[in-house]
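For reference, the structure is listed below as structure tokens.
Not measured: the values here are computed from a predicted model. Chain letters run A, B, ... following the sequence lines, proteins first and then strands; every chain starts at 1.
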2 protein chains.
Amino acid sequence: MSDHAHAFAHAPLPPPANDAASFTITELAQGFNVTPRAIRFYEDNGLIAPERQGQNRVYSRRDRARLAWILRAKNVGFSLAEIREMIDLYDIGDGRVKQRRVTLEKCRNRILALTEQRTDIDATIAELQSFCAVVETQLLEGPH
Amino acid sequence: MSDHAHAFAHAPLPPPANDAASFTITELAQGFNVTPRAIRFYEDNGLIAPERQGQNRVYSRRDRARLAWILRAKNVGFSLAEIREMIDLYDIGDGRVKQRRVTLEKCRNRILALTEQRTDIDATIAELQSFCAVVETQLLEGPH
DNA sequence: TTGACAGTTGACGTTAACGTCAACTATCTC
DNA sequence: GAGATAGTTGACGTTAACGTCAACTGTCAA
């Protein structure tokens, strides 16, 4: 599966066991196993907005949690644009009713899509497992 | 979530209820809700290899099943390159032992990644659901 | 004060996965 | 035989999500 496989070897996302109050960009990057470039890119797209000390970015624990959220959403297949929209949704507490109906429908659609996706994942896992079993058997039979 | 959402509104993949023995490219495309262009693209990348009648492609039921497989893998987050490699893996019955060990490891890694992804999906679904609940409550309270 | 670092902002390059023509071909219908 | 219709092969365009590089800035230790 070559090195492309790493495109799929996403961050193992247990929030980094760093209980500091604030973080630098490289701390976050290392903790989540992404590049600083990527984090800045998310900021350019309005996904995070850390404080600044002078020109440097300073990330709070909330920012870190938000980044975790973003990466998980990414891992689940959402595009950055979609993630941004979801974030915006969460920020609407004051939308009018029609807006809320739309919000609700979008949410439900996403839930449906995710549920479908879960089914696909289960099926794929099952297939890979049975394939693994076959290969294991071949191994036990020894080289021919 | 704009129209970008449709980038995620993947094919609802119940294999099309068409029990013919062979299919044209547009039949498959419509059945799976993808474009003929995409299917040809997959062929260019060695993911499918339908028969030909003259210059036209003719897809068997096996081809259709394979396309379903491909789309499911896509939906789960695999790149076309990765899918191609998985297909190649399935075609190795004669690899040497070392190759098989590698194959096995790759498979297991994928299973791990998929399992993680499942966890993320569950978490995301849970969050969306609780968010839905909140919005519903707001709706019931009526417009302010 | 002079590196050595960590961080910053553009600007441009890159890859994946198609979309979008354009120019043909083959088949059937009128 | 002239469209209409479904298919074909290039070739080029496009979008997302960063990577890469260049040119600075700010901070601290020797």
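B:Gln30 has its CD atom 9 Å from the P atom of D:dG7, to the nearest Å. Here C:dA26 presents its P atom at 15 Å from CZ of B:Arg57, a figure rounded to the nearest Å. B:Ile83 places its CD1 atom 14 Å from the C1' atom of C:dC18, with the value rounded to the nearest Å. A straight line from CG of B:Leu67 to C1' of C:dC18 spans 15 Å, rounded to a whole angstrom.
Note on A:Thr24: every side-chain N or O is 4.0 Å or more away from OP1 and OP2 of C:dA6. Under 4.0 angstrom from either OP1 or OP2 of C:dC18 there lies no side-chain N or O belonging to B:Thr35. Contact check, B:Lys74 against C:dA16: no side-chain N or O comes under 4.0 Å of OP1 or OP2.
Separating the CD atom in B:Glu105 from the CZ atom in B:Arg110 is a distance of 12.0 Å, to the nearest 0.5 Å. The distance from atom CZ of A:Arg108 to atom CG of A:Leu112, rounded to the nearest 0.5 Å, is 9.5 Å. With rounding to the nearest 0.5 angstrom, the CZ atom of A:Arg118 is 8.0 Å from the CD1 atom of B:Ile121. Residue A:Phe78 holds its CZ atom at 10.5 Å from CD of A:Glu85, rounded to the nearest 0.5 Å.
Taking five base pairs at each end of the helix from C:dT1-D:dA30 to C:dC30-D:dG1 and finding the rotation axis that steps the C1' atoms of four pairs onto the next four gives two axes whose angle is 10°, to the nearest 10°.
Looking at B:Leu114, B:Thr115, B:Asn109 one by one, the single match for side chain to side chain contact (heavy atoms under 4.5 Å, CB included) with B:Ile111 turns out to be B:Thr115.
Each of B:Tyr59 and A:Leu80 lies near DNA chain D, and the nucleotide nearest B:Tyr59 is the one positioned closer to the 5' end.
Side-chain atoms of A:Thr35 come within 3.5 Å of backbone N or O of A:Ala38 as a donor-acceptor pair. A donor-acceptor pair under 3.5 Å links the side-chain atoms of B:Glu27 to the main chain of B:Thr24, judged by distance alone. Put simply, the side chain of B:Asn33 never gets that close to the backbone of B:Ala29: no donor and acceptor are under 3.5 Å apart. Side-chain atoms of B:Asp63 come within 3.5 Å of backbone atoms of B:Ser60 as a donor-acceptor pair (strictly under, hydrogens ignored). With hydrogens and angles ignored, the 3.5 Å screen pairs a side-chain donor or acceptor of A:Glu82 with a backbone N or O of A:Ser79.
Salt bridge A:Glu116/B:Arg72: absent, no basic N to carboxylate O contact under 4.0 Å.
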So if I define the base as every atom that isn't primed, P, OP1 or OP2, how would nucleotides 23-28 of chain D read as a B/S/- string at a heavy-atom cutoff under 4.0 Å? --B---
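Each of D:dG7, C:dT9, C:dA6 was ranked by its minimum atom distance to the side chain of A:Thr26; first place goes to C:dA6.
Looking at residues 37-52 of chain A, you'll see A:Arg37, A:Ala38, A:Phe41, A:Tyr42 sit with a heavy atom under 4.0 Å from some atom of DNA chain D.
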